[in-house]
Amino acid sequence: MTDQEKELKAKELIKELTKEQVELILESKKTADENASKLVHQEIENLKTQIKTNPDVSILKKDIERLEDALSKIESNKNQSRNEVLLTAFENPIIKSFLAKVAQKGKTEDTEEYSYKGDSRFSRAGEKNRFKAFNSLNVHTINTVNSTTLPTAGSTGIVPTLWQQIMTQILGTYETPRVTSNILDFVMVEQLNAPRIATISYDYTANFQVTDECEIKPFTKLNALDMVESEAEFIVTLFCYSMHLEFWYADLYNDFKTSLRRLLLEEIPKRVNAFLNTKGIPFTPTANTYTTTAPDDVDALASIVADLYIKGVKNPIIRLSPGKYTEIIREKATDGHTKNNNNGSIRIVDDRIYLGMYQIQIIQEESFGIDDLKIGDFSSVKVAIHNDIIQIEKVGTVVLDDNSTSTERNINIDEIGIFVAYNMPTKANAYLIRDTFTNVKTLITA
C-alpha cells in the first residue's frame, strides 16, 4: 500500500472514531514505545555490568546484540506516521470489537478496560501499561514512594506514621543478657538484723601426752579471740519518671519497678565479689610444694590444692573464668589427644576436676579475667542480707540543674535499696588464695 493509499484509508477509518479516541490511541502508542525503550536500555546496561564479572562473556554479548536489535525496532516504531499508527491499531481484531462496543453503548469510559502494548496490539487490562496514561502521584501508597522507584514523580503516601504504629503487632520485648555471679551459693548467707555484724575467730593450742601415774599433765588452752566487725551498707538507686508516664503507661512503669527489684538483687553478688577482691593472699610455695618443668594450668591448680590440703582445707573451691575453663578442658598434648582427660589421675567432668584423690568443684565466674584464679574455703565469708527491700515511691522534691524543682515539672522520684553487710575473719585469709595462673606457674617451675 502506497503512502497515498494509507492516507486515504486512514481518513476513512478516522470517520468511525471520535477525536478523543484518536488522541487516546496516539498518546498510548507514544507512552508504550517510551516505556519499552527505557526497559530495553536498562536491561542492556545491566548486561554490560555483568560482563565485567561473568566469565561467559560470549553469551551475554549475544543477549546485548539481541536487545540492541529490539531497541532499533522500537526506535523505528517511534517514527511511524500518525496514519500508520491508526491503521495498525484498527487492523487489530480486538480494536474492532472494542470500537463496536463503544459505539453500541454510546460512551467512551470503557476505554480504561484495555491496555496498549508497544507492539501495536490491544489486550485486556492487567498488562504493564494502561491504555490511558496517568500521573504517578495518583497512585496511593502507605508511605510515599520516591520518583526513582516509581517514575516520574513517585507516589502519594496516605497512611500517617501514628496509624502505622497502631497497626503494628508487638510480639514481645527483649532484654540484653547481663553478667551475673553465683558467689552467694558458696559463701555463708545470713539474715541481717542489726546495723553491724561481727565474726569471731579463734584456735586452740592442743597439748596431749601419754603420762604415767601421778605425772604432771599438759594443758590445752584457747588462744586469744579475734573479732572482725563490719558496718551494713545500703545499696540503693533512684528512678525518676514523669507523671504522664506513670498515668498513661502504667504497665511500662510497673514493669520497670519490678525489674528494679531484680536488678538490685543482681547487684549484691557484684558487691560480694568486690569485697573478696580485697581478701585472700597470693600463692607462696613451701618446701612441700609440687614443682615441675614447663608447668601448665592444671599443674598450677594441683600445687595450690596440695598446699591447702596440708593446711587443713579438704574441700577447696576453684573459681576461674569461663575462658580459662574452656582452655583447660580443650588443651591438647603434642600427639593431639585431650591432655587433661586421661581417665586416670586427671579428669575434668562437668564442674569437677579430679586430681588423683582430690575432687574439687570448679566455679566459672563471668566477671573474672582469663588469668584470674581464686582457690580456697569460701564458707568463711559471711554475707548478711536484710529481708526487706526498701522501695519508696515519690520520696520528695529535688532541685534540677536550672534550679526548678521536680514537683514543679511533674517529675516523681522512687527509691529502692537494701541493707547488706560482708565479713571475713582475719585468719581466714591464709586459706583463700587470690593469684593468677601465670604467676603460679612461674613459682612452681623447677
Side-chain angles (χ1 to χ4, degrees), residues 174-192 197 199 230 232-237 258-281 283 297-298 300-301 304-305 308 313-330 340 347-355 358-389 416-425 428-429 431-437 440:
Y174 171 76
E175 181 180 346
T176 305
R178 297 172 54 80
V179 176
T180 58
S181 172
N182 60 351
I183 184 61
L184 293 182
D185 295 336
F186 307 101
V187 299
M188 185 68 70
V189 179
E190 304 283 353
Q191 180 177 327
L192 178 63
I197 63 171
T199 55
S230 302
E233 298 179 349
F234 188 44
I235 303 174
V236 64
T237 190
T258 303
S259 298
L260 279 176
R261 298 174 67 88
R262 174 173 53 82
L263 296 172
L264 175 63
L265 295 178
E266 288 179 3
E267 187 67 24
I268 296 175
K270 294 180 182 179
R271 299 297 171 178
V272 174
N273 276 326
F275 170 77
L276 285 174
N277 286 340
T278 65
K279 304 300 179 180
I281 60 173
F283 175 64
D297 293 330
V298 173
L301 296 176
I304 298 176
V305 169
L308 288 173
V313 180
K314 307 302 182 184
N315 296 298
I317 292 175
I318 299 173
R319 299 180 69 220
L320 42 71
S321 71
K324 178 58 71 174
Y325 175 80
T326 304
E327 184 179 312
I328 290 175
I329 64 174
R330 297 303 303 157
N340 298 318
R347 287 178 295 135
I348 300 178
V349 181
D350 298 329
D351 63 345
R352 291 285 192 278
I353 181 170
Y354 296 82
L355 300 172
Y358 307 122
Q359 300 180 22
I360 307 106
Q361 184 171 8
I362 299 177
I363 306 301
Q364 298 182 58
E365 179 58 61
E366 290 88 345
S367 62
F368 274 24
I370 195 167
D371 201 36
D372 293 342
L373 171 64
K374 283 185 181 177
I375 304 181
D377 179 14
F378 290 91
S379 64
S380 62
V381 180
K382 316 296 181 183
V383 179
I385 305 173
H386 200 278
N387 275 348
D388 296 328
I389 293 179
I416 183 170
I418 193 170
F419 281 99
V420 181
Y422 333 98
N423 195 291
M424 181 177 176
N429 266 340
Y431 306 100
L432 182 61
I433 303 301
R434 174 169 57 93
D435 217 315
T436 65
F437 280 93
V440 174

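Residue numbers count from 1 along this sequence. Below, each value reflects all heavy atoms present in this structure, side chains not excepted, and no hydrogens, waters or symmetry copies.
Between the CG atom of L263 and the CD1 atom of I416 there is a distance of 8.5 Å, given to the nearest 0.5 Å. Rounding to the nearest 0.5 Å gives a distance of 13.0 Å between CZ of R319 and CD1 of I362. The CG atom of N423 sits 3.5 Å away from atom OG1 of T199, with the distance rounded to the nearest 0.5 Å. Note that CG of L276 and NZ of K374 are 5.0 Å apart. Values are rounded to the nearest 0.5 Å. The line from CD of E267 to CD1 of I418 is 11.5 Å long, rounded to the nearest 0.5 Å. Rounding to the nearest 0.5 Å places CG of N273 at 12.5 Å from CD1 of I268.
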- Task: Tell me, with the steps shown, if D435 and I304 meet side-chain contact (heavy atoms from CB on, under 4.5 Å).
- Result: CA-CA 10 Å; D435 217 315; I304 298 176; 5.7 Å; no

- Task: Walk me through it: do N429 and K279 pass the test side-chain contact (heavy atoms from CB on, under 4.5 Å)?
- Result: CA-CA 6 Å; N429 266 340; K279 304 300 179 180; 3.7 Å; yes

- Task: Check the pair D372 / R434 against side-chain contact (heavy atoms from CB on, under 4.5 Å), numbers first and verdict last.
- Result: CA-CA 8 Å; D372 293 342; R434 174 169 57 93; over 6 Å; no

- Query: Hey, mind stepping through R271 and E233 against salt bridge (Lys or Arg N to Asp or Glu O under 4.0 Å) and telling me if it holds?
  - Reply: CA-CA 10 Å; R271 299 297 171 178; E233 298 179 349; over 6 Å; no

- Query: Under the ring pair (Phe, Tyr, Trp, His ring centres under 6.0 Å) criterion, do Y422 and F275 qualify, and how do the steps go?
  - Reply: CA-CA 7 Å; Y422 333 98; F275 170 77; 5.7 Å; yes

- How far apart are the C-alpha atoms of T180 and E366, what are their side-chain angles, what is the distance that settles it, and do they pass the side chain to side chain donor-acceptor pair (under 3.5 Å) test? CA-CA 7 Å; T180 58; E366 290 88 345; 5.2 Å; no

- Test V298 against I328 for side-chain contact (heavy atoms from CB on, under 4.5 Å), laying out the working first. CA-CA 7 Å; V298 173; I328 290 175; 3.8 Å; yes

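Within a 6.0 Å radius of OH in Y431, other residues, nucleotides and ligands contribute 12 heavy atoms or fewer. Summarising the local packing, CG of N315 is surrounded by 12 or fewer heavy atoms from other residues, nucleotides or ligands at distances under 6.0 Å. Within a 6.0 Å sphere centred on CZ of R352, heavy atoms belonging to other residues, nucleotides or ligands number more than 12.
Taking every heavy atom of both residues into account, M424 and L432 meet most closely at CE-CD2, 3.7 Å. Shown here for P425 and S380, the closest heavy-atom pair between the two residues is CD-O, 3.3 Å. Nearest heavy atom pair, residue E327 against residue D297, reads OE2-OD2, 3.3 Å. Considering every non-hydrogen atom in both L192 and V420, the closest pair reads CD2-N, 4.1 Å. Across all non-hydrogen atoms, the minimal contact from L308 to P316 is CD1-CB, 4.0 Å. Residues I317 and I360 share a closest heavy-atom pair of CA-CG2, 4.3 Å.
By the 4.5 Å heavy-atom criterion applied to side chains, I318 and L373 are counted as neighbours. Looking only at side-chain heavy atoms (C-beta outward), L264 and T237 stay at 4.5 Å or farther from each other.
With a 6.0 Å cutoff to the six-membered ring centre and a 45° limit on the axis angle, K324 counts as a cation-pi contact of F437.
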